[in-house]
**Student:** 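This structure is in structure tokens; I'll ask about it shortly.
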Protein chains: 2
Amino acid sequence: MSNPKIKNMEEFAAVSGISRPTISKYFNDPESVRASTREKIEAALKNHNYRPNIYAVNQNRRHTKNIGLVVPNLTDPFFASIARTIEGLIVKAGFNPLLLSSHGGPRQEISNLDSLRSIKPAAVLLAPLGRASLADEVAAFAREVPTVLFDANLEGIGEAFFGSDNDHSINLIVEYLCRSGEPPMFFELKTPINPNAVKRRNAYVAAMERLNHKPHLIQVDGQGWNFEEIGFSEGERRVIGRSLPTNTILCSNDRLAIGLLSAAYENGVHVGLGSGASLRIAGHDDHPFSRFTCPGLTTASQDYNAIATRSVDTILSLIESAERMDVREETLFEGRLVMRGSA
Amino acid sequence: MSNPKIKNMEEFAAVSGISRPTISKYFNDPESVRASTREKIEAALKNHNYRPNIYAVNQNRRHTKNIGLVVPNLTDPFFASIARTIEGLIVKAGFNPLLLSSHGGPRQEISNLDSLRSIKPAAVLLAPLGRASLADEVAAFAREVPTVLFDANLEGIGEAFFGSDNDHSINLIVEYLCRSGEPPMFFELKTPINPNAVKRRNAYVAAMERLNHKPHLIQVDGQGWNFEEIGFSEGERRVIGRSLPTNTILCSNDRLAIGLLSAAYENGVHVGLGSGASLRIAGHDDHPFSRFTCPGLTTASQDYNAIATRSVDTILSLIESAERMDVREETLFEGRLVMRGSA
DNA sequence: GTTAATATTTTGCGCGCGTAAATATTTACA
DNA sequence: TGTAAATATTTACGCGCGCAAAATATTAAC
């Protein structure tokens, strides 16, 4: 396990009694060499534990085994957990995931893509920032490197997009709220970064009209990713203690709802379904923490398993076929209603 | 900006009228070439936007510009946010951070180190899993690659360790709790993975004894990282509605406290300081979400700015000096008491 | 036992760049 | 203005490996 010290494939070839290119073949696919040589190689591997220099490998390989994974914000447990499952799928497929977060904003997103470019990835999975994204530069990247978008769509960019069917899930939750109490108002950022937020707003309006209710939007100021903070402070200003046309608030996402719940609690406003409650709050996403809010947050889950799996599958087949897609695929997965105590 | 297409340094040298090795020097340090040549290069760079092949660069460079960053669990917003600030510092220093999470457990931690090994990083910043870590293998790695530990200590491994002074912060919070109400019990996992947890337990016991109170430990079952879940379910079993010797619970970390708070709420137990409250709950860490619990969580913050900064600084000086430390440094930073509504 | 077909291994070359040593140029200073 | 010191550039070589084509070994077929 620690004889002299093998420093390259040449030397390893020598000690294993096989020619260097055959060793190379073995490392690229152990099945591609005869069983008898494979055994010799693996025996030698036991005594010397040599590993090919990854830089030399990637310099010469036609395509690297790297897959880039870019998410808008790793600090958000939601994306952290998606990233984790995608990473797992990539590793299982024998590729090497490179995880980057665009938390710094649109310029960082591009800078992430630039880093990936220099790493010459086989393909890239990108959850873009959304409306803030520098679409032209992202598009230019996607022309160079096979790219699949997920979570947030950028029209026409990349080989495919996989996301959530906001129409469906918002419809589910609006219907539920109307059926079980007063029709909801919609609490959101005035200028959301995420295209899903816009879709949800429109879906809310449409659902309300379909049910013959007048839609009400509460559009609050706020920038960046500190949704809880915004939900809290703007909730205090615009919701708590105000006389609103309804006692039910549907938030554009769970993190806003978490802030709003906190503001309600702090101001002594009782949230929930029961008789003692004066406010109902619902969210969207089924954020990892929404189980533990007080009360638990009623929300709509996204089918992230499906999104992750399909995204990785298409990226892999894209790599394998070495071709681009003839038509850009766009698939939305349906979420489910998650009922908890808050509405 | 898009003339012919430069594919290597040779060609770029040609179009810029400078010799290739000089170009190489420029990319390693733009200041190292004469101002006049620098201008020529940068002019050419504008028209051709060429970038050196990172694999070829790293294959030949004596040391890469990569710094590995391994954290136990990126899904925890706490580590996600530390990782983010550390990444920022690394980038600012002109290095390239490689972020990996050991969420999968001790074997994944080692596998992360193995991946890093093959990338030949200049150095590695490691927040180990803790007691679960395969110490021998981590130590072997740290002998090969300059490694600095943070957050959780593994005795004698790596060049230095930077963490929190649990004695200090637990003392702060125990004193506060005793002074403002009944002395606390300590709520924790029976078999914690994290050495900080053990230190906190001991610090709690010591602090209580110093104040002439009898320490009480509530040690619950539970494995893995789903602390909120454990805090919730075990809290329901062991705390809520039980007749305990005190009405104050100090949790080993905020995530347990978040679960416990949720359980209290769900069972109609009023948490806080006021007269209507029957339970006080405090945590430790100042987790990003602890502001938004109901009520807000009283806790002890860690000085993660200091930990991040010092860790990165030492790793950088370690790289620069190209030497190991003669004595292993171990520095603990003091946290602060963060008072909110829960205790 | 021979030959053709096939699977495997080897030969030979080049990838894109870092870097030491040799050479040329610039700068500083008398 | 001349010279030495400092700085910049060039020459020349090697890093560790992938890959195509050629050579060889193995298997199958008759």
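A note on names: the letters A, B, ... follow the listed sequences, proteins ahead of strands, and every chain is numbered from 1. Small disclaimer: the values here were computed from a predicted structure and weren't measured. We use all heavy atoms of the structure for the numbers below, so side chains are in, but hydrogens, waters and symmetry mates are not.
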**Student:** Just checking Phe12(A): base, sugar-phosphate only, or nothing, at a heavy-atom cut-off of under 4.0 Å?
**Tutor:** nothing

**Student:** Give a yes or no on whether a salt bridge exists between Asp313(A) and Arg310(A), defined as a side-chain N under 4.0 angstrom from a carboxylate O.
**Tutor:** no

**Student:** Whole Å only: how far is the OH atom of Tyr55(A) from the P atom of dG18(D)?
**Tutor:** 15 Å

**Student:** Rounded to whole angstrom units, what separation is found between the CZ atom of Arg51(A) and the C1' atom of dG16(D)?
**Tutor:** 16 Å

**Student:** From dG16(C), dT9(C), dC17(D), pick the nucleotide closest to the side chain of Pro52(A)?
**Tutor:** dC17(D)

**Student:** Could you check, using the six-membered ring where one of them is a Trp, whether Phe162(B) and Tyr304(B) have ring centers closer than 6.0 angstrom?
**Tutor:** no

**Student:** Does dT8(C) have OP1 or OP2 under 4.0 Å away from a side-chain N or O of Tyr26(A)?
**Tutor:** no

**Student:** Using atom CD1 of Ile54(B) as one end and atom C1' of dG18(C) as the other, report the distance to the nearest whole Å.
**Tutor:** 15 Å

**Student:** Is there a donor-acceptor pair closer than 3.5 Å between any side-chain N or O of Ser16(B) and the backbone N or O of Phe12(B)?
**Tutor:** yes

**Student:** Has the side chain of Thr64(A) got a donor or acceptor atom that lies under 3.5 Å from a matching backbone atom of Lys120(A)?
**Tutor:** yes

**Student:** Regarding Tyr55(A) and Asn60(B), do their side chains bring together a donor and an acceptor under 3.5 Å, going by distance alone?
**Tutor:** no

**Student:** Rounding to an integer number of Å, can you tell me how far Lys40(B) NZ sits from dA8(D) P?
**Tutor:** 13 Å

**Student:** By nearest atom, which of the nucleotides dG16(D), dG18(C), dT9(D) is closest to the Arg61(B) side chain?
**Tutor:** dG18(C)

**Student:** Hey, which of these two, Ala56(B) or Thr37(B), hits DNA chain D nearer its 5' end, going by closest nucleotide?
**Tutor:** Thr37(B)

**Student:** Return yes if the base of dG16(D) and the side-chain atoms of Asn60(B) contain a donor-acceptor N/O pair under 3.5 Å, otherwise no.
**Tutor:** no

**Student:** Is a donor-acceptor contact shorter than 3.5 angstrom present between the side chain of Arg20(B) and the base of dG16(C)?
**Tutor:** no

**Student:** Could you give the NZ-to-C1' distance, from Lys65(A) to dG18(D), as a whole number of Å?
**Tutor:** 14 Å

**Student:** Nearest-nucleotide wise, let me know which of Ser24(A) and Arg34(A) is further upstream toward the 5' end of DNA chain D.
**Tutor:** Ser24(A)

**Student:** As a test of reading the structure: which of dG18(D), dC17(C), dT9(D) is closest to the side chain of Val57(A), going by heavy atoms?
**Tutor:** dG18(D)

**Student:** Report the distance from atom CD of Glu11(A) to atom C1' of dC15(D), rounded to the nearest whole Å.
**Tutor:** 13 Å

